[in-house]
Amino acid sequence: MCSANASSPRRWDGTPARSPRSRSLRVAPDSPTRLVRSAQPGHCPDCGNRIDWHPRTDGDDRAVGLHPQELPAAAVPAVSRWHVSSGIAHPAHDGTPWCRIPHTALCPARSAPAALTPQLAALRRHLALHTRRLINNDALTTPAAPPSERTESCRPARPVAHLLGVCYIAGHPIDVIQCVAQTRQRHRCTRPVLDDQAPHGTWTLFPTALPSNRPLSLPTDRMAVYDLTHLAFAEQLRWRHQHCPGHAASSAADLARTEWEPFDPRLHHQHIHQRLPHGARKQNHGA
């Protein structure tokens, strides 16, 4: 006897073979963060291989780049074992036969670690072959030589910005800071935070003073700072949230963590520059 369900696909045991409907990640209205907790895909700038970026729990504010595939825990040294739970990377083994490993331990553009098991050595060679294919196809350029000290002083690699009354240090030059919001295609927005149609900050010399009870030998008592405090509060908030003007008032989730770190002269003294970037208008701030 034929029935309406006779044509529907079924498994060997007679249960309906229905594939679960895919659901997109959403940010709860009461969530304290707009960051979607999923692996943020990326590529190593040195070797071109894929990396999965995860927030971490070891006290470091920067995301950790993990190899996208799990590996047998027996093949990975104990110090390099990570596991991911609810999108968060933990620098420890969770007791399962599998674990994750940082990409830096496998990157063919870096020096090979001393303790490299045969399985990891074979995986490293596989990644090196992929890197060579990218270079041969002009899809990856070999890293250039480090810029000279004079070039760095004209364009700080990690500039200090003053906004919302706090000095922050960025992870990239001001004109390269990328928006962290999610697009309609569920990819990270590629637009920079600095926009020609939006008000700009001003490079200025800012005091590097510390509390009197914390003496520190610094190369200078002033440093080049990208000052944004003269902008409107909403514009400073857009910079702090690391959004382009198109996502300034958007409810889209963030696909990456902001790269701002509170500036500390003791920790970031190597990024203190005495001269303003080339072509910047000089303004002196009082202490």
| task | Tell me, please, which residues at least two apart from His268 pass ring pair (Phe, Tyr, Trp, His ring centres under 6.0 Å). | result | Phe263
| message | Around atom NE2 of His200, are there more than 12 heavy atoms from other residues, nucleotides or ligands closer than 6.0 Å? | response | yes
So which atom in [X] and which in [Y] form the shortest heavy-atom distance, rounded to 0.1 Å?
X: Trp260; Y: Tyr168; result: CE3-CB, 3.6 Å
X: Ala224; Y: Arg275; result: CB-O, 3.5 Å
X: Phe206; Y: Cys167; result: CE2-SG, 4.0 Å
X: Val64; Y: Ala89; result: CG1-CB, 3.7 Å

| Residues Leu267, Ile169; criterion side chain to side chain contact (heavy atoms under 4.5 Å, CB included); working and verdict | CA-CA 11 Å; Leu267 300 178; Ile169 184 169; over 6 Å; no
[X]: side-chain hydrogen bond (donor to acceptor under 3.5 Å, both in side chains) partners, not counting sequence neighbours:
X: Gln236; value: none
X: Thr131; value: Asn49
X: His230; value: none

Are [X] and [Y] packed together at the side-chain level, in the sense that at least one heavy-atom pair is separated by less than 4.5 angstrom?
X: His243; Y: Leu237; value: no
X: Leu120; Y: Ile101; value: yes
X: Met223; Y: Pro265; value: no
X: Cys99; Y: Trp82; value: no
X: Ile177; Y: Gln242; value: yes
X: Arg125; Y: Leu129; value: no

| task | Indicate yes or no for a side-chain donor-acceptor contact from Arg240 to the backbone of Leu163 under 3.5 Å, with no hydrogens or angles considered. | result | no
| query | So, the side chain of Arg222 versus the backbone of Gln274: is there a donor-acceptor pair under 3.5 Å, distance only? | reply | no
| field | Residues His93, Thr96; criterion side chain to side chain contact (heavy atoms under 4.5 Å, CB included); working and verdict | value | CA-CA 7 Å; His93 189 217; Thr96 62; 4.3 Å; yes
| field | With sequence neighbours excluded, residues passing side-chain contact (heavy atoms from CB on, under 4.5 Å) with Ala128 | value | Pro108
| request: List the steps, then state whether side chain to side chain contact (heavy atoms under 4.5 Å, CB included) holds for His271 with Val160. | output: CA-CA 8 Å; His271 300 293; Val160 179; 5.6 Å; no
List, one per line, each side-chain donor-acceptor pair under 3.5 Å for residues 187-195, sequence neighbours excluded.
from	atom 1	to	atom 2	distance (Å)
Arg188	NE	Cys179	O	2.9
Arg188	NH2	Gln178	O	3.4
Arg191	NH2	Asp195	OD2	3.0
Asp195	OD1	Gln197	N	2.7

| task | State the NE2-CZ distance between His130 and Arg50, to the nearest 0.5 angstrom. | result | 11.5 Å
| field | Ring geometry between Tyr226 and Trp239 (parallel below 30°, tilted from 30 to 60°, perpendicular above 60°) | value | tilted
